[in-house]
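Input: a single structure, listed below in structure tokens.
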Amino acid sequence: SKKIKLKFKSEENMKQCDSKIAILLATYNGEKYIQEQLDSLLDQSYQDFKIYIHDDDSKDMTVDILMKYKKMFPKKIEILEGKSTGSPKNNFLYLLGNVDAEYYMFCDQDDFWKKDKVQKTYDKMIENEEKNKSKPILVFSDLEVVNEKLESLSLSMNKLQNLKPNKIFINDLLCQNVITGCTVMINYYLRNLSLKLKECENIIMHDWWISLVAAKYGIIVYCDEQLILYRQHSKNNVGAKKLYSFKYLKSRLLNLKETRDSINKTRIQAEEFCNTFGMDDNYLIYLYSQLSNVSKFRRISFYIKNKIWKSGLVRNLGLIIYG
């Protein structure tokens, strides 16, 4: 695949931030839902934020809608120019690298933020920063899963997918990410560490990468509330699938190559982590990255010894059989 080299502002060239919180919104062909999302952002109870948007060369009316909102709310919305980055993860990393703020939140174009999402996430961040001065911090929450009309399908995505929000340590996150990017707030310290990434193509998603960095060098905090309406529709890049549904189990059984490939991608991502941050205190991560080169028995022994397990029996069976 085509390799994208993203250029980020250096700290020396950063302009003074215009707001405390930067909401980073990556868009691409999002005309159907983008207005509802923007309205939910602008209606937040906490307002010391600015929305930064980068569009990835949309072919529909997305940019026209964005320009209309920019004209109506010039102090709240800034549109970053730049060529298409080629993927959601690259788009978000481009935004993260070109915006200066104290805190950052990631925003998908098709969701709907509950009115107190920013306030509650920010409160949790401040509470933990007071106890952990100058430390990289990530805050995340649960989501309510809804259909295209924002009608509830499940009050908790964690329960729907049998995700364990306490599996946030480095050994947990190597093989599975339980942190959904659109729920996340990170501070400036974590942002700077995450942008040390050397090769974007070697990571799975921006939120997974940042979660790994936070687990290793900072702290991760869970806000046990559903602060987003997580919209499910036919064009979802990543969706919320019911773990034990017949459809899910069938897809896993019929796509064994996809399962193996997804596990292998976690090892490539782990190797990129070592390439970025060195080997000095990342030996566990390095060993995980090299598991494709050892026997199945040694792989399973490694999982057991280091407590590297996913959430749920079905996922762990897949890890044992195909990983």
Side-chain ([X]) to main-chain ([Y]) donor-acceptor, under 3.5 angstrom:
{"X": "K50", "Y": "K75", "value": "no"}
{"X": "Q47", "Y": "L42", "value": "yes"}
{"X": "N128", "Y": "K124", "value": "yes"}
{"X": "D110", "Y": "Y33", "value": "no"}
{"X": "T62", "Y": "E31", "value": "yes"}
{"X": "W208", "Y": "I203", "value": "no"}
{"X": "Q44", "Y": "V118", "value": "yes"}
{"X": "R191", "Y": "I186", "value": "no"}
{"X": "E199", "Y": "E272", "value": "no"}
{"X": "T27", "Y": "G30", "value": "no"}

[X], [atom1] atom: more than 12 neighbouring heavy atoms under 6.0 Å:
{"X": "E151", "atom1": "CD", "result": "yes"}
{"X": "M67", "atom1": "CE", "result": "no"}
{"X": "Y222", "atom1": "OH", "result": "yes"}

Going by atom types alone, do [X] and [Y] pair a side-chain donor with an acceptor below 3.5 Å?
{"X": "T183", "Y": "Y230", "answer": "no"}
{"X": "T85", "Y": "N91", "answer": "no"}
{"X": "Q35", "Y": "K68", "answer": "yes"}
{"X": "Q119", "Y": "D116", "answer": "no"}

Next item on the list: Just grab all the salt bridge (Lys or Arg N to Asp or Glu O under 4.0 Å) pairs involving residues 275-298, residues at least two apart or on different chains.
Entry: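 Residue pairs passing salt bridge (Lys or Arg N to Asp or Glu O under 4.0 Å), neighbours aside: none found.
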Item checked: ILVMFWY cluster, I220 and I308 together (side-chain gap under 4.5 Å) -> yes
Checklist line | hydrophobic_cluster_shared for F140 and M205, side chain cutoff 4.5 Å | finding: yes
Notebook entry, point to check: Hey, what do you get for CG (L96) to CG (N192), rounding to the nearest 0.5 Å?
Noted result: 8.5 Å
Notebook entry, point to check: Taking atom CG of N132 and atom CE of M125, what is their separation to the nearest 0.5 Å?
Noted result: 10.5 Å
Next item on the list: May I ask you to say whether R231 pairs ionically with E36, meaning some side-chain N is under 4.0 Å from a carboxylate O?
Entry: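 Looking at E36 together with R231, the answer is yes, because their closest N to O distance falls below 4.0 Å.
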Check: How would you list, by chain and number, every residue that makes a side-chain hydrogen bond (donor to acceptor under 3.5 Å, both in side chains) with S58, sequence neighbours excluded?
Finding: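 D55.
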Next item on the list: Over 60° means perpendicular and under 30° means parallel, so classify the ring planes of Y188 and Y104, tilted if in between.
Entry: parallel
Notebook entry, point to check: Less than 6.0 Å separating the ring centroids of Y217 and F277?
Noted result: yes
